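Shown next, in structure tokens, is the structure this report addresses.
Worth saying up front: this structure is predicted, and the values here are computed from it rather than measured.
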Amino acid sequence: MSDDERDGVKLSNLDQPLFEDATKRDLVDYLDAVAGRILPVLENRPLSVIRILRGQDPFMQKNLPKYTPDWVKRYGMWAETSKRQVSYALCDDRRTLLWFANQRAVEYHPTLMHAGDVAGPTHLVLDLDPPAGDDFTHVVKAAGLVRQALSDSGLAGAVKTSGSKGVHIFVPLVPGQAFDDVAAATRALAARAEQVDPSVATTAYLVEDREGKVYLDSTRAGGNTVAAAYSPRLRPGLPVSFPVDWDDLANVLPADFTVHTAPALLGDGDPWAEAMPAPQTLPADLVEQGHTIPVARVVAMHEGKRRARLRAQKD
């Protein structure tokens with residue numbers, strides 16, 4: 001049967017191919033199976049999704065389409081880049097999750113803050129990204145550097161595969177810490193991890209400056225989004241972002257966790273919730289150090305322009 005109905009949501013064309021090695025039914029069944037685990041990390045957070053429609057390239061959807069059902073919760077935010085008001089979804093229940101799955105929404109990227117919350121981000125996040133063609137072993141080494149930097153700073157975090165090539169490290173925060181202070185602390189944490197072993201990891205924003213090292217991306221701050229724990233990713237086999245115990249990280253590969261394998265591995269547990277430490281207050285010295293570190297994107301923009309001028313002069 002290619003059609004179905006769950007929780008009042010009519011599901012269509014379930015047996016059609018969605019992506020490599022997966023049908024739309026595989027996506028729907030997976031998200032339904034992990035609804036109790038993924039909904040808590042999506043709840044009351046403005047949501048962006050990556051959809052893949054038949055015959056089209058994947059695209060990120062932030063603004064809800066006009067045909068969105070009235071029962072889908074939404075939250076309006078001003079988008080500075082596009083200079084317009086964006087109506088984001090709030091995926092707070094199974095019905096909404098199934099509706100998104102039926103829309104062929106594969107990836108789920110919530111913000112690091114709750115809707116309407118001016119009290120600051122709920123988490124500090126570092127995104128570890130290996131160079132092209134590199135193996136996961138180097139990411140594991142870099143994650144160890146971050147773990148040590150966290151410990152040296154009096155902090156603790158949880159780690160999950162990104163569902164792509166790297167890992168995400170989350171540090172839950174006590175409410176009320178300012179967005180710019182959290183962004184500063186993220187930069188400082190990346191810098192401290194890099195200093196532990198500069199031969200393994202780098203904070204260089206420009207790819208050509210990374211010298212084959214794992215990039216410690218400290219830009220996931222403020223209103224930015226990160227792929228949610230348990231979110232599928234648009235990669236061959238539909239891997240998912242999956243929580244891993246720090247001590248088990250060296251024994252897994254991101255491809256181990258897919259929409260096909262993850263439900264059985266989870267059983268009745270919620271390892272992301274179980275691994276998450278209690279909310280923490282960022283140390284003053286970490287925040288202070290971070291405010292002395294320029295924002296990577298700004299530095300890269302100016303450096304890119306400088307290099308372009310030099311190339312033009314040589315030509």
Side-chain angles (χ1 to χ4, degrees), residues 18-23 26-27 29-31 33-34 37-38 41-42 48-52 58 60 101 105-110 112 123 125-147 150 157-171 190 193 200-202 207 210 212-220 224-267 269-276:
L18 177 76
F19 199 61
E20 295 182 40
D21 307 320
T23 64
D26 292 326
L27 174 68
D29 286 346
Y30 167 76
L31 288 170
V34 302
R37 274 66 67 99
I38 193 172
V41 299
L42 300 180
S48 300
V49 297
I50 294 181
R51 297 173 60 193
I52 180 167
M60 177 167 278
V106 177
E107 298 194 12
Y108 294 76
H109 296 250
L112 295 173
H123 296 79
V125 174
L126 277 180
D127 180 4
L128 277 57
D129 188 22
D134 199 16
D135 61 48
F136 194 61
T137 302
H138 290 152
V139 177
V140 174
K141 291 179 180 177
L145 305 184
V146 175
R147 188 185 188 188
L150 282 170
V159 62
K160 64 184 180 72
T161 65
S162 67
S164 181
K165 302 179 298 179
V167 299
H168 296 150
I169 297 170
F170 276 58
V171 180
V200 172
T202 179
V207 174
R210 295 178 190 169
K213 303 172 187 176
V214 175
Y215 174 47
L216 307 178
D217 184 356
S218 61
T219 64
R220 307 284 184 166
N224 289 332
T225 65
V226 182
Y230 308 114
S231 172
R233 304 301 302 272
L234 267 172
R235 305 288 189 276
L238 284 192
V240 304
S241 181
F242 201 85
V244 180
D245 186 271
W246 281 104
D247 295 331
D248 292 337
L249 199 57
N251 302 317
V252 303
L253 293 172
D256 293 341
F257 312 107
T258 72
V259 296
H260 304 290
T261 64
L265 293 171
L266 286 169
D270 185 353
W272 190 234
E274 295 158 9
M276 195 63 64

- Test log, rule side chain to side chain contact (heavy atoms under 4.5 Å, CB included), inputs Asp256 and Leu253: CA-CA 5 Å; Asp256 293 341; Leu253 293 172; 3.9 Å; yes

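- Contact check for Ile50 versus Val106: no side-chain heavy atoms found under the 4.5 Å cut-off.
- The minimum heavy-atom distance between Val214 and His138, with the atom names listed, is CG2-O, 3.5 Å.
- Counting heavy atoms from C-beta outward, Val146 and Leu128 have side chains that approach closer than 4.5 Å.
- Residues Ala193 and Leu216 approach most closely at CB-CD1, 3.8 Å, considering heavy atoms.
- Looking at Asp217 and Asp129, their side chains never come closer than 4.5 Å, going by heavy atoms from C-beta outward.
- Nearest heavy atom pair, residue Gly157 against residue Val171, reads CA-CG2, 4.2 Å.
- One N or O on the side chain of Ser231 and one on the backbone of Tyr108 form a donor-acceptor pair closer than 3.5 Å.
- By the salt bridge (Lys or Arg N to Asp or Glu O under 4.0 Å) test, Asp127 pairs with Arg220, sequence neighbours left out.
- Minimum interatomic distance between Ala22 and Leu238 (heavy atoms only, all atoms of both residues): CB-CD1, 3.5 Å.
- Screening residues 235-250 for side chain to side chain donor-acceptor pair (under 3.5 Å) gives Arg147-Asp247, Lys160-Ser241, Ser164-Arg235 as the qualifying pairs, with residues at least two apart or on separate chains.
- A distance of 5.0 Å separates CG in Leu234 from CD1 in Ile52, rounded to the nearest 0.5 Å.
- With hydrogens and angles disregarded, no donor-acceptor distance shorter than 3.5 Å links the side chain of Glu107 to the backbone of Ala227.
- Checked options Asp270, Leu31, Leu42; the residue passing with Tyr230 is Asp270 (criterion: side-chain contact (heavy atoms from CB on, under 4.5 Å)).
- Residue Ala132 comes nearest to Lys165 through the heavy atom pair CA-NZ, 4.1 Å, listed as atom of the first residue, atom of the second, then distance.
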- Would you please test Leu145 and Val200 for side chain to side chain contact (heavy atoms under 4.5 Å, CB included) and show each step? CA-CA 9 Å; Leu145 305 184; Val200 172; 3.9 Å; yes

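- A 4.5 Å side-chain heavy-atom check between Phe170 and Leu112 finds at least one atom pair inside the cut-off.
- With hydrogens and angles disregarded, a donor-acceptor distance shorter than 3.5 Å links the side chain of Asn224 to the backbone of Thr219.
- When side chains are defined from C-beta on, Tyr215 does not count as touching Pro131, because their heavy atoms never get closer than 4.5 Å.
- Side chains of Asp135 and Pro130 form no contact here, defined as non-hydrogen atoms less than 4.5 Å apart.
- Judged by distance alone, the side chain of His260 and the main-chain N or O of Asp21 form a donor-acceptor pair under 3.5 Å.
- The heavy-atom pair separating Phe242 from Ala262 by the smallest distance is CE1-CB, 3.8 Å.
- Ser162 places none of its side-chain heavy atoms less than 4.5 Å from the side chain of Val167.
- Between Trp272 and Arg37, the closest side-chain pair of non-hydrogen atoms is not below 4.5 Å.
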